[in-house]
Amino acid sequence: MITQEPQVAAGTVDVRLEQLTKRFDDVAAVDQLDLDVEHGRFLALLGPSGCGKTTTLRMIGGFEEPTAGRIYLDGKDVVNLPPYKRDVNTVFQSYALFPHLSIFENVAFGLRRKKLRGNELRARVVEALELVGLAGVENRKPRQLSGGQQQRIALARSLVNRPRVLLLDEPLGALDLKLRKEMQLELKRIQHEVGITFIHVTHDQEEAMTMADRIVIMNAGRIEQAGTPDELYEQPKTAFVAGFLGVSNLLDGVLAGPDRVRLGDGTEVSVPAATLAERTGPISIGIRPEKIRLGDEHANRLAGAITETAYIGVSTQYLVDTPAGSVALYVQNDRPGGTGLAVGDSVTLSWDPECTFVIDRTETSE
Amino acid sequence: MITQEPQVAAGTVDVRLEQLTKRFDDVAAVDQLDLDVEHGRFLALLGPSGCGKTTTLRMIGGFEEPTAGRIYLDGKDVVNLPPYKRDVNTVFQSYALFPHLSIFENVAFGLRRKKLRGNELRARVVEALELVGLAGVENRKPRQLSGGQQQRIALARSLVNRPRVLLLDEPLGALDLKLRKEMQLELKRIQHEVGITFIHVTHDQEEAMTMADRIVIMNAGRIEQAGTPDELYEQPKTAFVAGFLGVSNLLDGVLAGPDRVRLGDGTEVSVPAATLAERTGPISIGIRPEKIRLGDEHANRLAGAITETAYIGVSTQYLVDTPAGSVALYVQNDRPGGTGLAVGDSVTLSWDPECTFVIDRTETSE
Amino acid sequence: MTAAAEAAAPIAVPRRRFGAFARRHVLTVFASLSLIYLFVPVAVVIVFGFNNPAGRFNYTWNSFTFQNWLHPFAVPGIQSALEVSIEIALLSSLFATALGTLIALALARYRFAVRGAVNTLIFIPMTTPEIVMGSSLLTLFLNRNVATGFTTILIAHIMFNISYVVVTVKARLAGFDRHLEEAAMDLGATPLVTFRRVTLPLIAPGVVAAGLLAFALSIDDFVITYFNAGATTTFPLFVWGAARVATPPQINVIGTMIFVVAVGGMILNLVWQQARARRGA
Amino acid sequence: MGAIRRRSLAPYLLLAPGIAWLILFFLVPMYYLAITSLQTGSLEVGYTFNWAWNNYREAITTYHTQFFRSIKYAGIATVLALLVSYPLAYWIAFRGGRWKNLFLLLVIAPFFITYLIRTLAWETILADSGPVVGFLRAIHVLGPDGRLLATSVAVVCGITYNFLPFMVLPIYVSLEQFDTRLLDAAHDLYASRTWSFLRVTLPMSLPGVFAGTLLTFIPAVGDFINAQLLGTPSQYMIGNVIQSKFLELTDYPQAAALSFLLMATILAIVLVYARLLGTERLSG
Amino acid sequence: GGGGGIKGAAGTTATTTVNQTLAKSVNFSNWPLYIDYDPKTKRHPSIDQFTKATGVKVNYTEDINDNPTFFGKIEGPLAHGQSIHRDLIVMTDESGFPQRMIGLGWLEKLDKSAIPNIKNLVPAQQHPVWDPDREYSLPWQSGMTGIGYDPTKVGGDITSIKKLLTDPKLKGKITLLTEQGDTMGLAMLANGDDPSHITDATWDRAMKLLQTAVKSGQVRQFTGNDYAPLLAKGDIWACFAWSGDMVQLRIDHPNLKWVVPDEGAMIWNDNMLIPKGGDVFTASTLMNWFYKPSIAAQVADYVNYISPVAGADKILLKSDPAIAKNPLIFPTEAMLAKTHEIDPKSVNNQKYKQQFQHLIGA
Ligand SMILES: Nc1ncnc2c1ncn2[C@@H]1O[C@H](COP(=O)(O)OP(=O)(O)OP(=O)(O)O)[C@@H](O)[C@H]1O
Ligand SMILES: Nc1ncnc2c1ncn2[C@@H]1O[C@H](COP(=O)(O)OP(=O)(O)OP(=O)(O)O)[C@@H](O)[C@H]1O
Ligand SMILES: [Mg+2]
Ligand SMILES: [Mg+2]
């Protein structure tokens, strides 16, 4: 079986990055990164293009050498090991299948280096192909497979080696939406099955949230925030995270009490006291669009007029102009015909104080 | 102004396709297409990859000649006209800006062909650039612009000719998510402003629904269904449409009365009588995931156990195993912490009969 | 693949490790040696252009002089030979480039019946020994009672140049976005205008390169010319003849000139292309 | 295609002039070569066509030595060229960085020195009194009065040198297109640098090697300049024979027969070679 | 189709020009360094004087390097009755080509009326076998073919052809000539046979001698005039060489030597010929000019071959006695006695030709 050897105790740290830094002629692609990845985790590296995700991955894989910092795999410092001596495998965004080799030989490539031959080799390869649901294509050439299939082969080619850690650099980037959704589930299934640690690079936030059990959000080579999907979504610590992970309404305000905030137009709203703990000076409060209701069912209220509506099936999105600023909200179309609201109608918005998060204004560069 | 000359009465048919067919060595890329596009419409051609969208567009533009059928632009049959004699313009997915010409010359290209010169030319070009919010880049070369900017230039280059119809082939396909969303609004704004008929090809259903006021869903070269976004979403006529436009739960059943359907496990549910009118034999009922509630607040009910949950911020998606089949539902996270349900919990689902749609079973090849 | 990416990929890891370090430099040294090997004869040719040979033969170094450069045409016959060569090189590269570009366009732009046959017909001449081409042409002229001379040389040169032009231009057309032409027509440009305003400007570097190549091949050709020159003498033929009785250093001088001009042309074209790239074209 | 394909006459119009030229001055001459090779006669009595297959028999019996010599020299030269070119091309492609094009130019540059002058330069370099010979004598590779000029060594060296660019360019192109991310993948799958090269880089550059060897071997086998200038009658290749038969002895039929044989030989070799290397699989 | 084959003798009946007026210019093709030359003015005095005297401009080109190649060059046009744009060319009798060209009808008859100076032609040259009455040809220069060598390298003199061809000391250090008449002639002399009347037997003997020399690697290569640089460079030590070349060569390399071999030497003529289509009258006038002893002397003084014009030496005795006394230019009776003409039949004998071409490797 491809699954990890049992003795690996859960909770052991498979990958540890210490002050990891990479400069390309004085551009810091990765900047003093500290990160622990525990065994069996499905970790997502999420961030805008150019933030250093690939570089980080390439350093773990051994394709770039760090300018500074250390990399530990299963406790051993591997900075000086070439890729072919590291017990990690990478699934490249471009798949990088060997065009001149058959699918079988592609998948067998790593095993042959490990001196596997004959039946055992064949068995392992077939098993890997079955795992990705592509048994029977052994003799084709990569270019004879569709994008999605090539993707699975790349996966099989890495998994078959039973690495300690699997690195995936936007493995689904090249696939179209439908196929992408399928592969997301597929990947998650496989990871469950083999229990190998996955580090998955993506810049699609939904992908990260559906797949990973832990997300690291990078920006400009640094870690902005790390945590479980809902931690990051419900309690973003910076405007960047709030804006990058889904849409959020940020309203500027000032402290008006232990759990009160006065917004630009003077309206006072209440927020969880915890979020204000030892804060001073200017802040912004944030509310997710789906947390806002039409009507006054909740304690925090704002009045305004609808400036835009967009029907997207599942829900209808409204943009409402309020004295405190313009606010987006999603209303799920859970009854036929939708809400029947149109541009120009004036509405009252309300939301549960508990749903509010707070960030320092200085960062309101969103 | 770029807007259409006033005399064009609304409701006139700008584009009419009759039995339009295109074969590539006996692959029917487009198969007996009939379509009317009224003046000023924003029409979206939506369909999976390879369904014939581009080919249709290219035939209207004059880049492919139909194997059979007719194309009327503003009432005139144009099948035998070369592209440069047709009063339509195309925005290519790759933008196809002329790399060796300045932005100004790119935009001016069409006008020069029409023998415009001097001030009038300049005025028109500048006007077009202002329309797309890029005044001032006249002297740059395309390479010196970002993807989004290039996209706008391509748009300006076409619009400046005041075509009768503008064809857009996945104009946003190359842009990343954030930029894409911006350009969607931008495009819609511009179309409002100039009032030219847009035919917009995409395979992103959300894009189609937010932008178009009329959607045509294609599959394998044929039209599956055409209508307004909510028509298509709320009342899909085929399993394909139901599946392609968002997710939907299809449950097999048989007629059990004028407005009753018996599901596989024997549960009876009620549906709008209209949807059953003159139906016989096996059918499937469909319910959108967001229409389904946890709990028994609605008339139609099913009990089951949660098999999968996925937190995606805005909402949490559950997969519930019921005797009638597995059912997906979305619960909007409109309160902190979500619903707190976990895999294995048993739940009751309910939905409003009005939200149910019905399709013939034969097509349940989803 | 960007230079950067490629610089990074294979090198990054073992930079620190001696084995690979050595290996890299072994390769570099080897490459440098090869380049030197390629250039020694060139150097000899250039240097001996400044030789003041003892006697008629310029094989051994005697003493340095500028005379040869001051009077490159002092040797009777050399000037007219060079003129003929240049004339033919210009004409043949001009015609060949025109004809070849058209073929390349047809091949890159259209799907038609005899495509395979055409490709073969383009390919074969490049894989036919010059001597066979030269002799077969000669038999043609002999059989058709055509006196060999300037015209027959020109014919031959155009013939063997076409293939090279086609290949060069086709390469350029390969990386050419078809939609550009469609866009032009979409904007009301007739096929001709499209070609003039869009296609041609974009493939220009390829065409120029092809022209240069053709020129170089033509001015350098000996074998085919030798067979079909009749009483006409091109520069290579002159050298051939001269080599038997005397090798005046002027030969090296002219050779060097041609070399400089040709390489210069190539460099200019290169620079021009990169400038275009920077300008975004 | 579209709008353009509509006027399906266009491609043929574009092709017409160039192709006509090639047919008229490449294919037709081949026909006449065939005709001539079956004629008998002399300048004095004129030449008449009479299926003189004897020309071929004679050609073979009289000149097989030159034939095999040509193939031998060309073969050796090709191998040498390959040994020099591959590392060079590899270096330019992978280490050339921003200077790639410059290095490439350097490789082609010597090409622009008139072929004959280039070869004459070798006559200077290899002269008995020259440095090369001096050195070789010093290290006793050559005897005290050993020489390079007028030996097969000189001829082969000349050929190797003159056709080197034909070898470098195709190999460079195939390596240039090579996606180095595949090397990352190979390393990732535990392949050492050597292994990655043997198993990935090399196989994928074989089409270039194939093209290169052909483009070198074919002109080399028909060459006669090097044998003429750097060699002696005992180094003469089939090219020398054809040349003198055509231009000095005016024995056209024999000469034509020889040309034709040369063509046939090359074709045969190329086909065998293609079979061995199975390019369709490689390039495919 | 070309089934009809190439016309040979046919189509060569261009009409002879009979006009007696001088053309504006005349095209004269000759061998390199084969006429007087003034390095300061970089001009040919004898020709300039002719132009001054007659007003006829002479386009003098040195594009003849060896007979076969030049013949190959011109036979195409001539075979088709087309002009080769030359009025006067110079080819060697022993190459057999002049005889062939007469046979092919490719030569114009001289206009003797324009050549009164023909009387200066030395008697020995007046009736060659292949053009008994000098209807088509006049000698330009004559030369002897013997052994050229570098005593310092050889270590002493070498005066025997046999020795040259066999001495292992000279292995790979000698060259022979691609000129069939010379090489075969000397070989026969080495065998003690008469090159002026060749029989199959004598031919075969000579062939065998040469073949062994080539096989053994004794012969480094066969050359046209290009033995000269090799000898100068020291790449070869001894060779069959033309007297005139050696005189030239010794100016720069005085250490080199040329001898009439003990077995004897070959003598030959380079002849002025008027190819079909050439301007007979003007060309003849030019020939006449070069048969003025003064001009002939001027030319001989520079080219140092043997002048066929009687009286040239007398003139040179005053101006340049060194030359006049040089036996290579004005050979002694003794030397001339040891020289032989090649049998022209042999040179055009296809079988012999084949064999010789094969010998020299082509
Ligand atoms: N080989 C290189 N040489 C120079 N700069 C580089 C190199 N590789 C990456 N960079 C720079 O380092 C930064 C991070 O690049 P990286 O590829 O890691 O970003 P990323 O997060 O993977 O972006 P994307 O999501 O687009 O893949 C970028 O600014 C990039 O320009
Ligand atoms: N030039 C062509 N030759 C042969 N087949 C073609 C050609 N162009 C398109 N096709 C085929 O026609 C069908 C429709 O192609 P088309 O490009 O219209 O699909 P599409 O809807 O635009 O797909 P996508 O969303 O990927 O752009 C496809 O099966 C395609 O393979
Ligand atoms: Mg990346
Ligand atoms: Mg498309």
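No hydrogens, no waters, no symmetry mates; every other heavy atom, side chains included, goes into these values. Residue numbers start from 1 in every chain, and the chains themselves are labelled A, B, ... in the order their sequence lines are given, proteins ahead of strands.
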First locate atom CD of E64(B), then atom CD of E182(C), and finally report the distance between them rounded to the nearest 0.5 Å.
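Reported to 0.5 Å precision, the distance equals 7.5 Å.
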Could you check F63(B) against D186(C) for side-chain contact (heavy atoms from CB on, under 4.5 Å), going step by step and ending with a plain yes or no?
CA-CA 9 Å; F63(B) 305 115; D186(C) 182 63; 3.6 Å; yes
Does the pair Q93(B) and H179(C) meet the rule for a side-chain contact (heavy atoms from CB on, under 4.5 Å), with working shown?
CA-CA 9 Å; Q93(B) 172 161 11; H179(C) 292 310; over 6 Å; no
Please report the closest heavy-atom contact between [X] and [Y], naming both atoms and the distance.
X: P201(C); Y: H100(B); answer: CB-CD2, 3.4 Å
X: S94(B); Y: D177(C); answer: OG-OD2, 3.3 Å
X: A189(C); Y: F109(B); answer: CB-CE2, 3.8 Å

Student check: side-chain heavy atoms of F92(B) and L180(C) closer than 4.5 Å:
no
A side-chain contact here means heavy atoms from C-beta on lying under 4.5 Å apart; do R197(C) and R113(B) qualify?
yes
Contact origin within [X] toward chain C - heavy atom pairs under 4.5 Å:
X: R157(B); value: both
X: L97(B); value: backbone
X: N89(B); value: both

Please indicate whether [X] has more than 12 foreign heavy atoms, meaning atoms of other residues, nucleotides or ligands, lying under 6.0 Å from its [atom1].
X: R180(B); atom1: CZ; value: yes
X: R16(B); atom1: CZ; value: no
X: R23(B); atom1: CZ; value: no
X: F95(C); atom1: CZ; value: no

Are L187(C) and F98(B) close enough, and set up right, to give a side-chain contact (heavy atoms from CB on, under 4.5 Å), and what steps lead you there?
CA-CA 12 Å; L187(C) 296 167; F98(B) 305 123; 4.2 Å; yes
As a quick check of understanding, evaluate side-chain contact (heavy atoms from CB on, under 4.5 Å) for T194(C) and Y84(B), giving each step before the final call.
CA-CA 10 Å; T194(C) 305; Y84(B) 49 90; over 6 Å; no
